[in-house]
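Notes for the one structure printed next.
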2 protein chains.
Amino acid sequence: MVVRQAPAADRDTSAHLNWRMKPNLPQIKNLSIREQTLDTLREAILTGELKPGHSLIEMDLSRQLGVSRAPIREALRILNSEGLIETIPYHGTTVRRLTRTDIEEIYSMRSLLESFAVEQVIRARNPEHLQRLRDIVEDMIMAGRDNNINTVNILDRDFHDALIEMSGHSLLLSMWQTVAMKARQVMALVNRRNTDLTQIARNHLPLLDAMDQGDIPKAIELLRAHIASAGDLVAEDWQRDSAALDEET
Amino acid sequence: MVVRQAPAADRDTSAHLNWRMKPNLPQIKNLSIREQTLDTLREAILTGELKPGHSLIEMDLSRQLGVSRAPIREALRILNSEGLIETIPYHGTTVRRLTRTDIEEIYSMRSLLESFAVEQVIRARNPEHLQRLRDIVEDMIMAGRDNNINTVNILDRDFHDALIEMSGHSLLLSMWQTVAMKARQVMALVNRRNTDLTQIARNHLPLLDAMDQGDIPKAIELLRAHIASAGDLVAEDWQRDSAALDEET
DNA sequence: ATCTCTGCGATTGTCTACAATCTACAGACG
DNA sequence: CGTCTGTAGATTGTAGACAATCGCAGAGAT
């Protein structure tokens with residue numbers, strides 16, 4: 001951590017430097033401490049490393065990350081407005097606790113946003129879009145055969161992200177990102193019962209067929225069912241082991 | 001998003017203090033400078049006082065408001081994640097510029113969120129909800145008769161806010177607030193052509209009737225049309241006088 | 001004339017110290 | 001014994017100074 005600032009020259013892409021520049025030099029990132037802190041904390045929350053209820057003390061973070069409180073505070077403000085943490089003035093900051101209602105809301109919102117997106121994508125009738133989605137699902141099925149749960153999850157996210165992006169609706173995309181973030185957090189927090197990975201992947205196929213046929217109502221119906229069943233499973237698991245989820249500190 | 005902290009006194013409900021407490025003392029506000037700055041700037045942006053493209057210099061704001069840069073920076077981070085401003089590192093912060101596409105997206109998103117809400121509200125079948133909405137519309141019609149454009153606008157906002165709140169979906173509410181905020185900004189920026197205020201108010205009545213009858217598809221259809229026509233009008237006006245909207249600085 | 005480099009002013013990014021506020025607990029007071 | 005009061009410790013809120021970076025103008029080289 002505490003990646004020190006990179007020299008300016010590395011980021012410079014003005015013409016005289018690009019002249020015959022050999023490619024594939026790894027892009028040097030010069031993110032502000034605020035951004036690094038933000039990314040680090042957000043990732044920790046989304047992966048469940050920082051559990052709901054966990055207390056975030058600015059001074060502790062400051063020491064752990066080896067930076068001052070100012071950029072940390074700015075990062076916390078952002079996380080706060082993203083709804084991942086809560087701050088009580090002069091008292092403390094904690095990772096937002098989740099209720100079963102929160103989870104139901106997250107999935108119902110996913111459903112709403114995605115069905116809107118799928119309608120837009122179908123109307124656009126862009127064959128490349130459908131092909132791209134098919135490719136992702138195929139990879140997903142293969143990863144499912146290999147029982148590679150991590151890859152399946154990533155590809156599943158890719159699929160739904162791609163669907164939203166294809167709608168070409170930037171406001172939708174930004175709201176989606178908020179919701180998808182929360183969904184990711186929830187998924188990381190529940191101990192999912194083993195399910196047939198291949199089956200999860202295959203579940204996407206009927207949706208693709210409906211999209212191929214341009215059948216909007218059917219596609220929306222399939223998508224809704226797909227998300228609802230995923231949401232129900234997660235909500236059940238949540239109920240089951242919700243006792244272990246709040247962290248005292 | 002934009003969940004404001006309640007002042008300490010509001011949160012204190014311990015028994016010994018509530019015992020025979022005389023009411024009606026004006027609540028003492030102790031908002032942090034960050035919150036005050038946030039509210040001030042956000043309001044200025046939403047009312048069009050700060051126009052798209054206007055440059056926000058931390059040092060200037062600091063002098064104008066008579067506070068240090070730290071709380072201002074935190075407020076700016078929040079406005080940034082709300083999508084109202086944009087910051088280029090080491091260069092400057094400006095009020096986000098709006099394109100016609102932005103406006104179309106704002107209204108299509110409003111449409112999506114509100115039709116979801118109206119479905120939930122109809123399903124809940126709560127007569128008080130419908131009565132509350134009717135009351136608002138009645139006031140709106142009266143304000144329309146008086147040609148009181150400001151009151152009509154406020155009541156129109158109240159109506160749609162109420163609709164969302166009644167859905168009881170807190171995540172929906174938070175996304176709605178983001179979108180409604182942007183819509184408010186857009187409305188403040190266009191010089192709306194005079195329209196019949198009474199007519200605007202009356203336009204809400206068919207929707208209420210459909211809700212009364214529990215006719216979900218019809219209600220959604222009416223709502224969609226209502227919002228779409230509003231959006232089209234605004235988009236037209238935008239096109240017309242978009243030249244005057246960007247502020248140089 | 002054109003290109004390159006260097007220094008300058010403006011602006012944001014970060015650090016440190018100090019102030020304000022909250023909670024909890026101990027002790028005074030009836 | 002219960003109620004109020006005040007103090008201590010922890011935590012967030014704010015201030016002011018300094019560092020880093022960017023864009024640009026202008027000097028100098030070709």
Side-chain angles (χ1 to χ4, degrees), chain A residues 1-19 28-39 54-80 85-95 249, chain B residues 4-21 28-40 54-80 85-95 249:
Chain A
M1 197 48 244
V2 193
V3 180
R4 271 298 155 203
Q5 308 293 329
D10 288 326
R11 265 182 304 102
D12 197 322
T13 50
S14 42
H16 67 285
L17 282 183
N18 278 348
W19 178 79
I28 292 181
K29 54 186 169 194
N30 181 12
L31 287 175
S32 65
I33 293 180
R34 172 183 71 242
E35 295 291 342
Q36 295 179 49
T37 305
L38 179 59
D39 291 346
H54 188 103
S55 154
L56 299 170
I57 312 297
E58 295 172 4
M59 203 52 207
D60 292 350
L61 296 174
S62 168
R63 273 191 290 264
Q64 288 174 37
L65 302 179
V67 299
S68 82
R69 280 173 53 216
I72 291 180
R73 285 177 60 83
E74 294 183 19
L76 290 179
R77 290 297 144 272
I78 297 172
L79 290 172
N80 189 20
I85 65 176
E86 279 175 337
T87 297
I88 300 174
Y90 297 106
H91 186 267
T93 300
T94 58
V95 179
T249 306
Chain B
R4 259 184 274 300
Q5 308 291 341
D10 285 334
R11 272 185 290 103
D12 190 348
T13 53
S14 38
H16 66 285
L17 281 183
N18 280 346
W19 179 78
R20 280 217 176 171
M21 198 175 181
I28 294 178
K29 53 167 185 193
N30 184 12
L31 285 176
S32 65
I33 293 181
R34 172 183 71 242
E35 295 290 344
Q36 294 179 50
T37 305
L38 178 59
D39 291 346
T40 303
H54 188 105
S55 149
L56 298 171
I57 311 299
E58 295 173 4
M59 203 52 207
D60 293 350
L61 296 174
S62 168
R63 272 191 290 264
Q64 288 174 37
L65 302 178
V67 299
S68 81
R69 280 174 54 217
I72 291 181
R73 284 177 61 81
E74 294 183 19
L76 290 178
R77 289 297 145 277
I78 296 172
L79 290 172
N80 189 28
I85 64 175
E86 280 174 334
T87 296
I88 301 174
Y90 297 106
H91 187 266
T93 300
T94 58
V95 179
T249 306

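Note that this is a predicted model, so its numbers are computed, not measured.
For A:Ile57 and D:dG9, the CD1 to P distance is 18 Å, given to the nearest whole Å. We find that CD of B:Glu74 is positioned 13 Å from C1' of C:dT14, with the value rounded to whole Å. At whole-Å resolution of the value, CD in A:Glu86 and P in D:dT11 are 18 Å apart. Protein atom CG of A:Leu76 is 8 Å distant from nucleotide atom P of D:dT12, rounded to whole Å. Following rounding to the nearest Å, B:Ile72 (CD1) and C:dG13 (C1') show an atom-to-atom distance of 15 Å.
For A:Arg73 and D:dT12, the shortest distance from a side-chain N or O to OP1 or OP2 is not below 4.0 Å. Remark: A:Arg77 is in phosphate contact with D:dG13, judged by side-chain N or O atoms under 4.0 Å from OP1 or OP2.
A heavy atom closer than 4.0 Å to some atom of DNA chain D occurs in B:Val67, B:Ser68, B:Arg69, these being the qualifying members of residues 58-69 of chain B.
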Show me the protein contacts with nucleotides 6-8 of chain D, counting only N or O atoms at under 3.5 Å.
none

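When atom types are taken as modelled, the side chain of B:Ser62 and the backbone of B:Glu58 share no donor-acceptor pair closer than 3.5 angstrom.
For the pair B:Leu56 and B:Leu79, the minimum side-chain heavy-atom distance is 4.5 Å or more. A:Glu86 is not listed as a side-chain neighbour of A:Ile88, based on a closest heavy-atom distance of 4.5 Å or more.
In this structure, the nucleotide among C:dT23, C:dT12, D:dT11 sitting nearest to the side chain of A:His91 is C:dT23.
In summary, of the residues considered (B:Val67, B:Leu38, B:Leu65), a side-chain contact (heavy atoms from CB on, under 4.5 Å) with B:Ile33 occurs for B:Val67 alone. Screening A:Arg73, A:Glu74, A:Arg77 against B:Arg73 for a side-chain contact (heavy atoms from CB on, under 4.5 Å) leaves a single residue, A:Glu74.
Partners of B:Thr87 by side-chain hydrogen bond (donor to acceptor under 3.5 Å, both in side chains), not counting sequence neighbours, listed by chain and number: B:Thr93.
At a threshold of 4.0 angstrom between heavy atoms, the contacts of B:Leu56 are confined to the sugar-phosphate backbone, with no base atom among them.
Across the interface with DNA chain C, nearest-nucleotide mapping of A:Arg34 and A:Tyr90 shows A:Arg34 to be the residue nearer the 5′ end.
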